[in-house]
Asker: 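Below is one structure. I have some questions about it.
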Amino acid sequence: MIHMSAYIPKNADEKLRSLLQWGKLRQEQVSDAFLITKETVLGFLKRQIEHGNWRGVLEVLKGKPMTQAGRYMLGELRSKAVRKLIMRMGLRPVIATALVIVLLPIILAKVAGEVIGWIRNRS
């Protein structure tokens, strides 16, 4: 069972709207940030699986960020996504960090759902 509520902050839609206003971001920028963050997450998880870190990937996708492996991977994902947003979009670090904090749970929930769907279809 996936417990993605562990990732999703309360009032996420409210926080995103206030972030857009505060950071003076346009909708296109948020769309770009979403795509960059998703690309970062998928690439990172793929590399972890290739290195044999199945347990850590599974814990992150199950929504268990408080295990040691899950906490490490979540921290790595956040920092990689923030760096990519800063480098590719030229965002200020504080805005990039806030975007990742809001977008990462949504992307992880979506990726976990896609993986489960893929597994169910193969069975």
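Predicted model only: the values in this text are computed from it and were never measured.
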Asker: Would you say the side-chain atoms of Arg78 pair up with the backbone N or O of Leu74, donor to acceptor, closer than 3.5 Å?
Answerer: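 Checking the backbone N and O of Leu74 against the side chain of Arg78, no donor-acceptor pair under 3.5 Å is found.
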Asker: Treating Ile, Leu, Val, Met, Phe, Trp and Tyr as nodes and any side-chain heavy-atom pair under 4.5 angstrom as an edge, say whether Ile49 and Tyr72 lie in one connected cluster.
Answerer: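 Yes, one cluster joins them.
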Asker: Nearest 0.5 Å please: distance from the OG1 atom of Thr37 over to the CG atom of Asp32.
Answerer: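 Taking OG1 in Thr37 and CG in Asp32, the distance rounds to 10.5 Å.
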Asker: So which atom in Asn53 and which in Met73 form the shortest heavy-atom distance, rounded to 0.1 Å?
Answerer: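 Nearest pair, atom of Asn53 first, then Met73: ND2-SD, 3.9 Å.
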Asker: Please list, one pair per line, the donor and acceptor atoms closer than 3.5 Å that link side chains of residues 83-94 to other protein atoms, with sequence neighbours excluded.
Answerer:
residue: Arg88; atom: NH1; partner: Glu39; partner atom: OE2; Å: 2.7

Asker: In this structure, which one of Gln29, Glu28, Gln27 forms a side chain to side chain contact (heavy atoms under 4.5 Å, CB included) with Leu25?
Answerer: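 Exactly one option meets the side chain to side chain contact (heavy atoms under 4.5 Å, CB included) with Leu25, and it is Gln29.
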Asker: Hydrophobic clusters here meaning ILVMFWY residues chained together by side-chain heavy-atom distances under 4.5 Å, can you tell me if Val100 and Leu42 are in one?
Answerer: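 Hydrophobic grouping puts Val100 with Leu42.
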Asker: For residues Ile107 and Phe34, report the shortest heavy-atom separation together with the two atoms involved.
Answerer: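 The answer is CG1-CE1, 3.5 Å.
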Asker: Please determine which of Val41, Val82, Thr40 meets the side chain to side chain contact (heavy atoms under 4.5 Å, CB included) test together with Leu104.
Answerer: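 When Val41, Val82, Thr40 are each tested with Leu104, the side chain to side chain contact (heavy atoms under 4.5 Å, CB included) holds only for Val41.
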Asker: For Leu99 and Ala33, which heavy atoms make the closest approach, and how far apart are they?
Answerer: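 In terms of heavy atoms, the two residues are closest at CD1-CB, 3.9 Å.
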